[in-house]
Enquirer: 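The following block contains the structure, expressed as structure tokens.
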Protein chains: 2
Amino acid sequence: MTDRVPPLGEIQSRSLSEQVLDVLRDAILDGDFRPGQPLVETDIAARLGVSRAPLREAIRILSAEGLVESVPYHGTTVRALTKTDIEELYSLRGELEAFAIRRVIQQDAQQAASELREHMNAILQAAEAGDLHLVNEEDRDFHRTLIVLSDHSLLLSLWNVVGARVRLVMALLNRRNSDLKQVAYNHVPIIEAIEAGDEARAVQEIRQHIANTGALISEFWEVETENKNP
Amino acid sequence: MTDRVPPLGEIQSRSLSEQVLDVLRDAILDGDFRPGQPLVETDIAARLGVSRAPLREAIRILSAEGLVESVPYHGTTVRALTKTDIEELYSLRGELEAFAIRRVIQQDAQQAASELREHMNAILQAAEAGDLHLVNEEDRDFHRTLIVLSDHSLLLSLWNVVGARVRLVMALLNRRNSDLKQVAYNHVPIIEAIEAGDEARAVQEIRQHIANTGALISEFWEVETENKNP
DNA sequence: CGCCTGTCGATTGTCGACAATCGACCACTG
DNA sequence: CAGTGGTCGATTGTCGACAATCGACAGGCG
């Protein structure tokens with residue numbers, strides 16, 4: 001979005017650790033590892049064709065992000081989310097996004113609204129194509145954009161943790177039976193409130209939106225986890 | 001506080017990485033490393049008497065916590081906080097604590113109030129002894145207790161990041177010229193609002209409290225950093 | 001038969017050595 | 001003298017091997 005100086009294709013000077021980190025995180029967030037499943041270092045390192053050193057560093061970061069849990073000398077497992085975790089996740093998410101939306105309105109509400117509207121259209125487009133995976137991705141983009149627009153780097157870094165966990169939830173739970181287009185339309189009141197510069201209403205709308213989503217997921221969570229953890 | 005089963009002195013079964021992590025974090029948070037100062041792995045590993053492997057893992061975690069910044073092949077430095085960082089830190093902190101206080105009131109306001117009052121007395125006691133360092137520590141304890149009482153594990157884990165950064169600020173800035181006892185008394189309205197079960201007032205008080213602290217620190221920040229980064 | 005104890009295999013934790021990368025410095029060239 | 005190219009030292013990144021620790025299982029003792 002902002003103009004950057006070097007238009008040259010960036011070369012990958014990233015360390016192996018970082019590449020491993022991204023691969024591992026995506027694997028977890030795409031559900032390639034089931035919750036509770038142990039991550040055996042030797043095994044994964046061999047499969048990735050790297051040594052255990054960069055792998056371990058990646059695991060430490062994932063642990064700090066809360067995606068996996070490590071017990072000394074006992075191993076690392078993918079974090080299994082309980083219903084309480086879901087409730088905590090969405091309650092806190094509501095607070096963070098409400099905070100973000102207040103800042104957004106106090107700064108440049110009009111431009112933010114138009115940018116968010118673009119993202120909403122992207123969700124709608126994905127919904128019309130019936131692409132559930134893409135809908136989820138664009139949905140994440142919408143909310144992440146809201147955070148970015150709030151221009152608060154610390155908030156953004158916390159969001160990276162919260163957002164990753166949201167994505168983990170989504171990976172484990174396909175909202176198969178919901179009307180995809182409705183997912184897109186649900187964002188409209190939020191955008192309108194921002195456009196109107198109505199802080200109170202925007203906060204209320206986003207809180208409502210997050211609470212609804214959380215309640216919906218929380219409802220399905222038990223039956224889902226029951227089926228998978230017998 | 002809660003009764004634990006094994007009264008036997010716990011043996012340190014913690015891995016070297018974790019010990020190194022704690023030592024390093026304390027060193028940074030106590031100001032033993034100045035902001036911007038490079039952390040040379042070979043040097044620190046030698047000084048701690050450990051290999052670079054556990055040290056690097058510790059550094060990765062500190063990096064994820066935002067206390068240090070790592071650039072591939074170029075090194076790790078202690079994060080230097082700008083005035084913007086301070087403002088972001090305290091604005092977000094206000095949100096998190098406001099969220100916590102609402103939950104606390106909705107749960108067991110009376111017990112929370114009494115527990116917080118104990119912490120306030122601890123601050124007061126430290127203030128009367130003129131122990132600035134202890135005042136800071138007890139102050140941290142007060143706010144951390146508020147978070148813990150909110151019974152929200154995700155919030156607590158985010159707080160560990162935010163709280164660490166607050167501590168980092170405190171380490172770099174001695175509030176020498178402030179009335180220590182006043183620091184303690186500033187917490188009284190918060191406790192009273194909790195005791196009264198008045199959610200709105202409690203939220204307002206905590207927001208005020210954090211905003212005041214943030215403004216005070218933000219004010220001093222420029223002159224402090226000017227003196228130290230010529 | 002029940003419980004304690006010692007051993008075993010698997011996995012993680014740690015180490016020292018080697019390779020890759022970067023910035024600084026300096027000689028060289030036009 | 002400005003700019004370029006190469007070399008060097010320092011630091012980080014990665015690797016393979018070894019040590020420490022844990023849970024499970026089997027054997028002995030009451």
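Every heavy atom of this structure was used, including side-chain atoms; hydrogens, water molecules and symmetry mates were not. In what follows, chains are A, B, ... by sequence order, proteins preceding strands, each numbered from 1.
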Enquirer: List, one per line, each side-chain donor-acceptor pair under 3.5 Å for residues 152-163 of chain A, sequence neighbours excluded.
Expert:
unit_1: A:His152; atom_1: ND1; unit_2: A:Leu155; atom_2: N; d: 3.0
unit_1: A:His152; atom_1: NE2; unit_2: B:Glu88; atom_2: O; d: 3.1
unit_1: A:His152; atom_1: NE2; unit_2: B:Ser91; atom_2: OG; d: 3.0
unit_1: A:Ser153; atom_1: OG; unit_2: B:Glu88; atom_2: OE1; d: 2.6
unit_1: A:Ser153; atom_1: OG; unit_2: B:Glu88; atom_2: OE2; d: 3.3
unit_1: A:Ser157; atom_1: OG; unit_2: A:Leu154; atom_2: O; d: 2.9
unit_1: A:Asn160; atom_1: OD1; unit_2: A:Arg144; atom_2: NH1; d: 3.0

Enquirer: Which class fits the ring pair A:His119 and A:Phe142: parallel under 30°, tilted 30 to 60°, perpendicular over 60°?
Expert: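 Answer is perpendicular, since the angle exceeds 60°.
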Enquirer: Identify, with sequence neighbours excluded, every residue that meets salt bridge (charged side-chain N to carboxylate O under 4.0 Å, His left out) alongside A:Arg103.
Expert: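 Here no residue qualifies.
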Enquirer: Protein-nucleotides 9-15 of chain C N/O pairs closer than 3.5 Å?
Expert:
unit_1: C:dT12; atom_1: OP1; unit_2: A:Leu39; atom_2: O; d: 3.2
unit_1: C:dT12; atom_1: OP2; unit_2: A:Glu41; atom_2: N; d: 3.1
unit_1: C:dT12; atom_1: O3'; unit_2: A:Tyr73; atom_2: N; d: 3.4
unit_1: C:dG13; atom_1: OP1; unit_2: A:Tyr73; atom_2: N; d: 3.4
unit_1: C:dG13; atom_1: OP2; unit_2: A:Arg56; atom_2: NH1; d: 2.6
unit_1: C:dG13; atom_1: OP2; unit_2: A:Arg56; atom_2: NH2; d: 3.2
unit_1: C:dG13; atom_1: OP2; unit_2: A:Arg60; atom_2: NH2; d: 3.3
unit_1: C:dG13; atom_1: N7; unit_2: A:Arg52; atom_2: NH2; d: 2.8
unit_1: C:dG13; atom_1: O6; unit_2: A:Arg52; atom_2: NH1; d: 3.0
unit_1: C:dT14; atom_1: OP1; unit_2: B:Leu16; atom_2: N; d: 2.2
unit_1: C:dT14; atom_1: OP1; unit_2: B:Ser17; atom_2: N; d: 3.4
unit_1: C:dT14; atom_1: OP2; unit_2: B:Ser17; atom_2: OG; d: 2.8
unit_1: C:dC15; atom_1: OP2; unit_2: B:Ser51; atom_2: N; d: 2.7

Enquirer: Donor-acceptor pairs are to be reported for all side-chain atoms of residues 21-28 of chain B against protein atoms at under 3.5 Å, with residues two or more places apart or in another chain.
Expert:
unit_1: B:Asp22; atom_1: OD1; unit_2: B:Arg25; atom_2: NH2; d: 3.2
unit_1: B:Asp22; atom_1: OD2; unit_2: B:Arg14; atom_2: NH1; d: 2.7
unit_1: B:Arg25; atom_1: NH1; unit_2: B:Glu65; atom_2: OE1; d: 2.8
unit_1: B:Arg25; atom_1: NH1; unit_2: B:Glu65; atom_2: OE2; d: 2.5

Enquirer: Going by the rule side chain to side chain contact (heavy atoms under 4.5 Å, CB included), which residues pair with B:Ala98 if we only count those two or more places apart in sequence or in a different chain?
Expert: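 B:Ala98: side chain to side chain contact (heavy atoms under 4.5 Å, CB included) contacts with B:Val203, B:Ile206, B:Arg207.
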Enquirer: Answer whether the closest heavy-atom distance between the side chains of B:Leu149 and B:Leu146 falls below 4.5 Å.
Expert: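 In short, these two side chains do not touch, never coming nearer than 4.5 Å.
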Enquirer: What's the angle between the local helix axes at either end of the helix from C:dC1-D:dG30 to C:dG30-D:dC1, using five pairs per end and rounding to 10 degrees?
Expert: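 Computed angle between terminal axes is 10°.
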Enquirer: I'd like to know if A:Glu137 pairs up with A:Arg167 as an ion pair, taking the criterion as any Lys NZ or Arg NE/NH1/NH2 lying under 4.0 Å from an Asp or Glu carboxylate oxygen.
Expert: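 No, A:Glu137 and A:Arg167 are not salt-bridged.
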